[in-house]
There are 2 protein chains.
Amino acid sequence: MSKYKEILDHVARYVELSDSEIAAFTSILKTTRVKKRQFIIQPGFVSEYRNYIVKGAVRVFYLDDAGKEHTVSIGIEDWFFTDFHSYLNRTPAEYYAEALEDSVIIQMKYDDVEELCGRIHALCQYFRLYIEKALSYSNQRVITNISKTSEERYWEYVTKYPQIANRVPQYVLASYLGISPESISRIRSRS
Amino acid sequence: MSKYKEILDHVARYVELSDSEIAAFTSILKTTRVKKRQFIIQPGFVSEYRNYIVKGAVRVFYLDDAGKEHTVSIGIEDWFFTDFHSYLNRTPAEYYAEALEDSVIIQMKYDDVEELCGRIHALCQYFRLYIEKALSYSNQRVITNISKTSEERYWEYVTKYPQIANRVPQYVLASYLGISPESISRIRSRS
DNA sequence: TTTACACCTTGATCTAAGTCAAGCGTTTTT
DNA sequence: AAAAACGCTTGACTTAGATCAAGGTGTAAA
């Protein structure tokens with residue numbers, strides 16, 4: 001039983017890899033353990049890795065000039081995260097990634113991923129298909145943000161992702177939805 | 001000179017295709033001409049194609065229950081558009097795509113794209129790399145929407161995409177930025 | 001050439017949601 | 001076990017931006 005079972009299962013949902021391809025893929029993986037409140041990405045440093053969450057919860061957020069946090073993504077088991085812009089362009093990150101719980105993540109370097117995607121067709125397909133889904137989801141979020149009220153966004157999220165909503169602090173959810181923590185509290189109370 | 005010069009140039013910015021690969025790719029392409037105000041995608045119908053804009057301008061928008069329009073994307077020459085969710089899942093579209101000018105677009109069917117991506121590694125790479133960029137951009141937009149004021153979003157857009165801002169009606173820009181047309185007008189006047 | 005529609009502007013008003021501030025349980029830390 | 005920090009709530013107040021409504025201008029159509 002590979003120590004990379006979880007991520008290999010994830011890949012298998014999209015494509016089938018041969019044994020040698022699995023070996024090539026796992027050879028670029030690295031497991032990292034992080035403690036609650038530890039940063040995995042920090043502004044100023046290049047986000048070199050694509051990170052897959054095996055266990056735990058991680059949020060990516062942006063700290064604006066006024067010192068306010070805006071959550072880019074909240075991930076739990078079986079999610080990828082990174083500062084995509086930094087990762088793709090090898091420029092300093094603008095976001096933080098912070099462990100919301102003690103977590104186990106699998107990391108893979110940009111260069112290694114690109115090299116493998118150039119060499120292994122199935123792996124390229126895997127990333128393509130996965131990213132296409134992520135894009136469709138991101139587009140959805142944009143529209144929800146500009147077309148729904150705070151209250152609608154809150155209840156939609158809680159309904160769609162109860163397992164995340166119940167697991168992360170409310171102020172994180174608030175900053176993900178673009179609502180103040182006080183407003184979230186009021187929305188909950190008037191129901 | 002191929003009649004698909006523009007899109008082949010676009011591909012060439014990411015990967016190199018052999019002559020036979022170019023032939024295979026162009027064989028799945030179809031050129032369509034649309035008049036200003038014509039719909040390319042409509043709710044209820046599956047968005048079967050990935051559409052590349054050769055000439056013209058197209059916007060994708062969502063019409064909410066209250067009858068208000070929310071623009072998902074504004075594209076001009078050299079951009080792709082589709083209702084990604086509908087396209088990927090072959091479910092009825094939720095969005096409209098409307099030509100803002102008389103336009104020429106190149107269309108490719110989902111099944112054809114998937115078949116080619118399964119067969120031609122370089123093409124799979126091309127779509128993967130392009131979509132990764134699009135995702136990074138979409139993430140950016142989410143953060144801008146939740147962290148900046150209407151006024152900041154407006155000026156940022158105008159500065160970043162003057163050629164689009166000057167080409168499309170202001171109410172389209174407004175619905176893209178999540179601002180009312182009246183507010184856009186006021187933002188412009190107080191500068 | 002006048003009718004009409006599309007798009008933009010300006011003014012008056014309204015309201016959802018943000019801000020500021022205080023208080024209160026619950027975890028952490030020491 | 002006390003102190004400190006964290007996360008959530010509630011109240012009073014403020015405000016950015018929406019809504020409603022009317023009028024103006026240019027372009028296209030009849």
Side-chain angles (χ1 to χ4, degrees), chain A residues 34-39 57 59 61-71 74 96 98-102 143-158 164-191, chain B residues 35-39 57-59 61-71 74 96 98-102 143-158 164-191:
Chain A
V34 287
K35 291 241 151 247
K36 181 172 176 171
R37 239 154 280 195
Q38 192 179 327
F39 290 124
R59 71 160 172 149
F61 69 94
Y62 169 66
L63 194 66
D64 73 18
D65 307 334
K68 224 185 308 177
E69 298 176 358
H70 304 280
T71 297
I74 306 172
Y96 292 86
E98 177 198 30
L100 294 170
E101 306 170 0
D102 292 355
I143 292 306
T144 301
N145 278 339
I146 63 177
S147 69
K148 309 232 175 179
T149 65
S150 295
E151 187 147 7
E152 289 169 329
R153 296 204 300 283
Y154 175 74
W155 291 118
E156 184 175 312
Y157 190 90
V158 167
I164 299 181
N166 293 323
R167 197 164 155 182
V168 306
Q170 258 173 51
Y171 73 88
V172 169
L173 204 55
S175 75
Y176 177 86
L177 296 169
I179 311 174
S180 72
E182 293 95 329
S183 289
I184 290 260
S185 181
R186 279 186 252 270
I187 287 167
R188 287 169 57 87
S189 76
R190 65 167 175 265
S191 86
Chain B
K35 290 241 150 251
K36 181 172 176 172
R37 239 154 280 194
Q38 192 179 327
F39 291 124
V58 175
R59 70 159 173 152
F61 69 94
Y62 168 66
L63 194 67
D64 73 19
D65 307 335
K68 225 186 308 178
E69 297 176 0
H70 305 279
T71 297
I74 306 172
Y96 292 86
E98 178 197 29
L100 295 170
E101 307 170 359
D102 293 354
I143 293 305
T144 301
N145 278 340
I146 64 178
S147 69
K148 310 233 175 179
T149 64
S150 296
E151 187 147 10
E152 289 169 330
R153 295 204 300 283
Y154 175 74
W155 291 118
E156 184 175 312
Y157 189 90
V158 168
I164 298 181
N166 293 322
R167 195 164 156 182
V168 306
Q170 258 173 51
Y171 73 88
V172 169
L173 204 54
S175 75
Y176 177 86
L177 296 170
I179 311 175
S180 72
E182 293 94 330
S183 288
I184 289 261
S185 180
R186 278 186 252 272
I187 286 167
R188 288 170 56 88
S189 76
R190 65 166 176 265
S191 85

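Below, chains carry the letters A, B, ... as their sequence lines are ordered, and counting in each starts from 1. Just so you know, these numbers use all the heavy atoms, side chains as well, and skip hydrogens, waters and symmetry mates.
A salt bridge (Lys or Arg N to Asp or Glu O under 4.0 Å) check over residues 168-180 of chain B, counting only residues at least two apart or in different chains, returns nothing.
Comparing D:dT9, C:dT28, D:dA18 by their nearest atom to the side chain of A:Lys36 picks out C:dT28. The listed nucleotides are D:dG17, C:dA17, C:dT10; the one nearest the side chain of B:Ser189 is C:dT10. The side chain of A:Ser180 approaches C:dT19 more closely than any other nucleotide in the set D:dG17, C:dT19, C:dA17. Closest to the side chain of A:Arg188, from the set D:dT9, D:dG17, C:dC7, is D:dT9. Out of C:dA12, D:dC8, C:dC8, the shortest distance to the side chain of B:Arg186 is found at C:dA12. For B:Lys68, taking side-chain heavy atoms from C-beta onward, the closest of the listed nucleotides D:dG7, D:dA18, D:dG17 is D:dA18. Of the listed nucleotides (D:dT19, D:dT9, D:dG7), D:dG7 has the atom at the smallest distance from the side chain of A:Arg37. Of the candidate nucleotides C:dA17, D:dG7, C:dT9, D:dG7 has the atom lying nearest to any side-chain atom of A:Tyr171.
Distance CG (B:Leu173) to P (C:dA6): 20 Å, rounded to an integer number of Å. For the pair B:Ile184 CD1 and C:dC8 C1', the computed distance is 12 Å after rounding to whole Å. One interatomic measurement links the two molecules: CD of B:Gln170 to P of C:dC7, which rounds to 12 Å at whole-angstrom precision. Note: CD (A:Glu152) to C1' (C:dA16) measures 12 Å, nearest angstrom.
Put simply, the side chain of B:Arg190 and the base of C:dT9 share no donor and acceptor less than 3.5 Å apart. The base of C:dC8 lies outside donor-acceptor range of the side chain of B:Glu182, with no N or O pair under 3.5 Å.
At a cut-off of 3.5 Å, with distance as the only test, no side-chain donor of B:Arg59 or B:Tyr176 sits close to an acceptor on the other residue.
Contact record, A:Ser150 with A:Ile179: O-CD1, 3.4 Å, taken as the closest heavy-atom pair. The two residues B:Tyr154 and B:Leu177 come nearest to each other via the heavy atoms CA-CD1, 3.8 Å.
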